[in-house]
Colleague: 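Below are the structure tokens for one structure; questions will follow.
Scope of the values below: all heavy atoms of this structure, side chains included, with no hydrogens, waters or symmetry mates.
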Amino acid sequence: MDHHTSGQASQPCHTTSFQWLSFAYQSLTEIPYETILMQTDTLEVLDLSYNLLEDPYRNPALLGQLEKLSTLILDSNNYTSHVKFPYMPSVTTVCINKNKINNLPVFVEEIRRKFPNIKILSMMNNEAAPSYFNGGSLTQYKDYRQYVISQMPGLKILDDTEVLEKERAQARKTYRLQQSSHSSRKRKEDSCSKQLLMRKKSNTVIGK
């Protein structure tokens, strides 16, 4: 018999199963896997916010066993851009506000690959997510949003703001332009390198 309650942690019953577990504000330095992994068949929301969790030694690798987990909350910990998540296609919401994420491309690539069905991502108050609240300019904020949105086509909400279709279209356009610019610059660099090499060979021949 299912005794789960929707939208909040279920009350202990004969099966002691939960849909929602919170370990917030417990000064944890390690993820309490022993307790969490007892709920692999039922757990949908896991809150590990306001603790002392960090990588590389406290990466949440074993959470990949939670096949029904849809929401992972890691706010106010010490995770960096190099955190390594397990592959979790069931997860649609990740909150990792107020951590130590400073490399946006590295972090976004990890999120994109490990949470392929993500719909909601919140990473406010990280260095990699510039905004008015952490000293970022409006231009930096827009650039940040466009980059993240361009990498995650299925994203519906970024931080506290809905992703609009016109914003998504602009993000795709900007990303293509960046790619085109990068490719053009790379071709020019390759061309210059070849010309220099040819000149060196020519000078060598003349010198002989």
Colleague: What heavy-atom pair brings N51 and A24 nearest, and what distance separates the two atoms?
Modeller: ND2-CA, 4.1 Å

Colleague: What distance do N125 atom CG and I101 atom CD1 have between them, rounded to the nearest 0.5 Å?
Modeller: 11.0 Å

Colleague: Would you say the side chain of M123 lies within less than 4.5 Å of the side chain of L104, judging by non-hydrogen atoms?
Modeller: yes

Colleague: Is a donor from one side chain sitting under 3.5 angstrom from an acceptor on the other, for Y141 and D159?
Modeller: no

Colleague: Under a 4.5 Å side-chain heavy-atom rule over Ile, Leu, Val, Met, Phe, Trp and Tyr, are Y33 and L74 clustered together?
Modeller: yes

Colleague: Is the closest side-chain heavy-atom distance between F23 and T35 below 4.5 Å?
Modeller: yes

Colleague: Taking atom OG of S131 and atom CD of Q140, what is their separation to the nearest 0.5 Å?
Modeller: 10.0 Å

Colleague: Minimum heavy-atom separation for Y79 to I96, with atom names?
Modeller: CB-CD1, 4.2 Å

Colleague: What verdict does the side chain to side chain contact (heavy atoms under 4.5 Å, CB included) test give for N99 and F107, after you've listed the backbone C-alpha separation in whole Å, the side-chain angles of each residue and the deciding distance to 0.1 Å?
Modeller: CA-CA 12 Å; N99 275 263; F107 179 72; over 6 Å; no

Colleague: Work out which heavy atom in R168 is nearest to a heavy atom in P153; give both atom names and the distance.
Modeller: NH1-O, 2.8 Å

Colleague: Heavy atoms, side chains only, cut-off 4.5 Å: are I118 and T92 in contact?
Modeller: no

Colleague: Hey, can you tell me if Y25 and Y50 have their rings parallel, tilted or perpendicular (30° and 60° cut-offs)?
Modeller: parallel

Colleague: When rounded to the nearest 0.5 angstrom, what is the spacing between CG in N78 and CG in L53?
Modeller: 8.0 Å

Colleague: What residue among I73, L63, T71 forms side chain to side chain contact (heavy atoms under 4.5 Å, CB included) with L46?
Modeller: L63

Colleague: Is any side-chain heavy atom of K98 closer than 4.5 Å to one of D75?
Modeller: no

Colleague: Side-chain heavy atoms under 4.5 angstrom apart, residues restricted to Ile, Leu, Val, Met, Phe, Trp, Tyr: same cluster for V83 and V106?
Modeller: no

Colleague: Given 3.5 Å as the limit, does a donor-acceptor pair link the side chain of Q170 with the main chain of Q146, or not?
Modeller: no

Colleague: Taking atom CD1 of I120 and atom CZ of F115, what is their separation to the nearest 0.5 Å?
Modeller: 14.0 Å

Colleague: With a 4.5 Å cut-off on side-chain heavy-atom distances among I, L, V, M, F, W and Y, is there a chain of contacts connecting Y147 to V94?
Modeller: yes

Colleague: Quick one, K68 and S90 - any side-chain contact, counting heavy atoms below 4.5 Å?
Modeller: no

Colleague: Could you report the tightest heavy-atom contact between R112 and M152, atom names first, then the distance?
Modeller: N-CE, 4.1 Å

Colleague: Side-chain heavy atoms under 4.5 angstrom apart, residues restricted to Ile, Leu, Val, Met, Phe, Trp, Tyr: same cluster for L28 and L72?
Modeller: yes

Colleague: In this structure, would L37 and L48 fall into the same cluster of hydrophobic residues linked by side-chain contacts under 4.5 Å?
Modeller: yes

Colleague: Please report the interatomic distance OG1(T42) to CG(L21), rounded to the nearest 0.5 Å.
Modeller: 7.5 Å

Colleague: With a 4.5 Å limit on heavy-atom distance, are the side chains of D55 and K84 in contact?
Modeller: no

Colleague: Which atoms form the tightest heavy-atom contact between P60 and P86, and what is the distance?
Modeller: O-CD, 3.2 Å

Colleague: Under the rule for side chain to side chain donor-acceptor pair (under 3.5 Å), what residues qualify as partners of E167, not counting sequence neighbours?
Modeller: R145

Colleague: Mind checking whether T80 and E54 have side chains closer than 4.5 Å, heavy atoms only?
Modeller: no

Colleague: Minimum heavy-atom separation for Y144 to P130, with atom names?
Modeller: CB-CD, 3.8 Å

Colleague: Would you say that more than 12 heavy atoms from the other residues, nucleotides or ligands in this model lie under 6.0 Å from the NZ of K119, or not?
Modeller: yes

Colleague: Within the 4.5 Å heavy-atom criterion, are S49 and S76 side-chain neighbours or not?
Modeller: no

Colleague: Counting only heavy atoms not in E67, do more than 12 sit closer than 6.0 Å to its CD atom?
Modeller: no

Colleague: Nearest 0.5 angstrom please: S137 OG to K142 NZ, how far?
Modeller: 10.0 Å

